[in-house]
Number of protein chains: 2
Amino acid sequence: MLTERQLLILQVIIDDFIETAQPVGSRSIAKKNNVRYSSATIRNEMADLEDMGYLEKTHSSSGRIPSERGYRYYVDHLVSPRETAGNIHIIRNIMQDGLFEFEQIVQSSAEILSRITNYTSIILGPEVFETKLKQLQIVSLSENTAVAILVTNTGHVEHRSFSVPEAIRASDLEKMVNILNDRLRGVPIFKLHEMLNTEIINLMTKYVTDFDTTYDYLKAVFFSENPVKLYFGGKSNLLMQPEFNDIDKVRSFYSMIEKEDEIANLLKGAADGIKVSIGHENEVDAIKECSLITATYEMNEEQMGTIALLGPTRMEYKKVIALLDTLSTEMSDVLYMWYKNNE
Amino acid sequence: MLTERQLLILQVIIDDFIETAQPVGSRSIAKKNNVRYSSATIRNEMADLEDMGYLEKTHSSSGRIPSERGYRYYVDHLVSPRETAGNIHIIRNIMQDGLFEFEQIVQSSAEILSRITNYTSIILGPEVFETKLKQLQIVSLSENTAVAILVTNTGHVEHRSFSVPEAIRASDLEKMVNILNDRLRGVPIFKLHEMLNTEIINLMTKYVTDFDTTYDYLKAVFFSENPVKLYFGGKSNLLMQPEFNDIDKVRSFYSMIEKEDEIANLLKGAADGIKVSIGHENEVDAIKECSLITATYEMNEEQMGTIALLGPTRMEYKKVIALLDTLSTEMSDVLYMWYKNNE
DNA sequence: CATTAGCACTCGGCAGGGCAGAGTGCTAAC
DNA sequence: GTTAGCACTCTGCCCTGCCGAGTGCTAATG
């Protein structure tokens, strides 16, 4: 257990290091006006904190820097989320602005998030899971091409162009779409597949000639798994951090960032609430010298997506945690409103 | 005017430097088996080439590197575009694969382009200019929200969610959309605005109550300028180039790359055919140490978009120029087929 | 007279040494 | 328990000397 004084010193060191990225020496701590001990005392305490694993030295006579364990302690015990008044306003503003362009909201949230924090922001989702089908449609473009459009109750639109095989009659397609619309409107997207395979098939065979081909085709067009979307903001922000002065780190890091699917998996597992992964707590190698802070947002108590910030382990945890907290509840609120509107 | 021998030497130097990124010395040139002169002779010629501005030294006793003027000469006189058999196949494959998912074609073209070349690829467009309206539609989501969908004959789908003001009646909206569909189907997108303002207005006022509000609203929803899309491939490829060993260059470069609108402007002006901009020929500061090669692609003889590759001035011009040449004609072909299909 | 061999010279890069500054750990004094 | 003081350690920087790669010039060559 840490004494009051050790706590204070740990806090000061971490705050200082987060700000300056330089090892912190005992003398500079002693100079702070909320510290009333001499540098010698502080040196002793620092040695103890190092023994306990909260601090590290970069070399034998350097100042101390926080260890990952130190950050962990800091985040768990010394950070009390309290948002700055300015930010909440900015966030509110984005949120209210274009309520009706969901993807744009997400994109600009990501951008603003990265601008406020100077880290890289990643937003996953929203998953189309809980949303319901509003309308299916096929618009024919020419004799043998058409575009299929799927609209959900959240205003999300998916579309896909395809070629219409000779074997399929336009009238059959139309019939099928009509039936599907009839039966599937209001059905949650994730149930579509199931419904199709059970209830709808029987119905269709009755009305549509050459059912099999047409059905297979439609299924492929409408219900192909489409990858969850990732939105990035400030991808180059991390470059500016002094820990990325080493060009090779930059290289390995950025070749990783380009692999969107890995990132998506990383964020997909996120638990409810805010979670902080510090350095080696992360499972992906390329970000083992970074911290990842994730927050989820939800709609009507159903988790929809994840907001994350990626920065160096020397991250402004206080600020960032508060910010993500605000943003995620704000997004959830907006989504809830939306949901109620469209019920 | 350059002598035969100078030409040879210039070519060898540039080829060598493009490969190794190291200054080229007279001895190493003399060793090549297509060079039959001693290192002393070559030194003399190199001095002359330097006087003429085609070569540079990094310091007084270093080997030579090509100047920008040298590259220019190289590109203009020494590059004869001839594509490698392998690449054209790869390209054909992408092109035929998913003819019906245009945006995906473009995206994966960008990715493959960057993978073959190890540079950063940028594709602009396709512009929706020459394409024609196929269908407008409004799907109502709830009492006061709806989503507007616009489909073009190329299978391109635009959509936008919006809130329906109290003042507007659903029936009016519907009527308007019907009229618009009637009158505007087949009209090129770029003429929509004009047509609306002249012919359609009169017609509408007759049938729709409270015309003004509704009209303004629809116009905003359907015909808002939407920015041209940029597709990137291999953004981090340039990091791997040795000229980016300097972290500050990397920083300024990447903060520039993030400004999509600037890049878009850069590519928008591209003339027909292939154009090579070397180093300071580029107007944007951040890429004054890079070369940008642009090629346009067209549909039915109308320019639609631009493909570009961004690399260090020490770029594999031969390979890249051939590649872009193939890709742009290939894309144009595909688009032409598409066009004929949908006429 | 164009080409080449030879040589003096230049410069970058690297390793080693010396020095200043920041910081520690320990001991002894308060 | 706290602090002052001192010896010690390590980094970063600059300076030096040296090696190797490459040039430019001159004089010899076919």
Side-chain angles (χ1 to χ4, degrees), chain A residues 1-10 12-14 16-17 19-67 70 242-243 245-247, chain B residues 1-10 12-14 16-17 19-67 70 242-243 245-247:
Chain A
M1 199 48 212
L2 296 184
T3 66
E4 200 68 24
R5 189 166 69 189
Q6 286 170 330
L7 234 58
L8 174 66
I9 292 175
L10 182 59
V12 169
I13 291 178
I14 297 188
D16 192 307
F17 184 72
E19 190 181 339
T20 66
Q22 298 297 323
V24 186
S26 55
R27 227 176 83 87
S28 72
I29 299 177
K31 271 193 223 148
K32 310 249 168 189
N33 26 1
N34 57 339
V35 178
R36 308 207 106 53
Y37 312 96
S38 74
S39 65
T41 312
I42 292 170
R43 275 202 293 284
N44 289 329
E45 294 288 28
M46 279 159 76
D48 290 347
L49 284 168
E50 186 179 352
D51 287 342
M52 290 185 270
Y54 296 117
L55 294 179
E56 284 172 357
K57 284 192 276 199
T58 59
H59 58 87
S60 74
S61 73
S62 76
R64 301 301 205 290
I65 63 173
S67 68
E243 21 273 284
N245 276 347
D246 178 3
I247 192 95
Chain B
M1 197 50 209
L2 296 184
T3 68
E4 201 67 23
R5 190 166 67 191
Q6 287 169 330
L7 234 57
L8 174 67
I9 291 175
L10 182 60
V12 169
I13 291 178
I14 296 188
D16 193 305
F17 184 71
E19 191 182 337
T20 66
Q22 297 297 323
V24 187
S26 55
R27 227 175 84 87
S28 72
I29 299 177
K31 272 193 219 148
K32 310 249 167 188
N33 26 0
N34 58 340
V35 178
R36 309 208 105 52
Y37 312 97
S38 76
S39 64
T41 313
I42 293 170
R43 275 203 292 285
N44 288 328
E45 294 288 28
M46 278 161 73
D48 290 349
L49 284 168
E50 186 178 351
D51 287 344
M52 290 184 271
Y54 296 116
L55 295 179
E56 284 172 356
K57 285 192 275 198
T58 59
H59 59 89
S60 73
S61 74
S62 76
R64 301 302 204 292
I65 62 173
S67 68
E243 20 273 283
N245 276 347
D246 179 3
I247 192 95

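Residue numbers begin at 1 in each chain, while the letters A, B, ... track the order of the sequences. Computed from a predicted structure; not experimentally measured.
Taking atom CG of B:Asp51 as the reference point, atom P of D:dC25 lies 10 Å away to the nearest angstrom. B:Arg27 has its CZ atom 13 Å from the P atom of C:dG6, to the nearest Å. In this structure, A:Gln6 atom CD and D:dT2 atom C1' are separated by 15 Å, rounded to whole Å. At whole-Å resolution of the value, CD1 in A:Ile65 and P in C:dG23 are 14 Å apart. Counting to the nearest Å, the C1' atom of C:dG23 and the CD1 atom of A:Ile9 are 16 Å from each other.
Of all the heavy atoms in A:Gln6 and A:Leu49, the pair that sits closest is O-CD1, 3.9 Å. Pairing each heavy atom of B:Tyr37 with each of B:Ile42, the nearest pair is O-CD1, 3.9 Å.
One finds no side-chain N or O of A:Ser62 lying less than 4.0 angstrom from the OP1 or OP2 phosphate oxygen of D:dT9. Contact between the side-chain N/O atoms of B:Lys57 and the OP1/OP2 oxygens of C:dG12 is not found at any separation under 4.0 Å.
Annotation: the span from A:Ile13 atom CD1 to A:Arg64 atom CZ amounts to 7.5 Å, rounded to 0.5 Å. One distance of note links CD of A:Glu50 with CZ of A:Arg43; it measures 14.0 Å at 0.5 Å rounding.
Take A:Thr20 and apply the side-chain hydrogen bond (donor to acceptor under 3.5 Å, both in side chains) test, not counting sequence neighbours, and it matches A:Asp16. The side-chain hydrogen bond (donor to acceptor under 3.5 Å, both in side chains) check on A:Ser62 picks up A:Thr58, with sequence neighbours excluded. Taking the side-chain hydrogen bond (donor to acceptor under 3.5 Å, both in side chains) definition, one finds that A:Asn44 meets it with nothing, sequence neighbours left out.
For A:Arg64, the listed nucleotide lying nearest its side chain is C:dG25; candidates were D:dT2, D:dT9, C:dG25.
Listed by first and then second residue, the salt bridge (Lys or Arg N to Asp or Glu O under 4.0 Å) pairs involving residues 54-63 of chain B amount to none (not counting sequence neighbours).
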Going 5' to 3' through nucleotides 11-21 of chain D and flagging B where a protein heavy-atom sits under 4.0 Å of the base, S where only the sugar-phosphate is that close, and - otherwise, we get S---------B

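Heavy-atom distances under 4.0 Å link DNA chain C to A:Arg43, A:Met46 of residues 29-49 of chain A, given in residue order.
Checked by atom type and distance alone, the side chain of B:Arg5 never pairs as donor or acceptor with a backbone atom of B:Leu2 at under 3.5 Å.
Both B:Arg5 and B:Ser60 sit near DNA chain C, but only B:Arg5 has its closest nucleotide nearer the 5' end.
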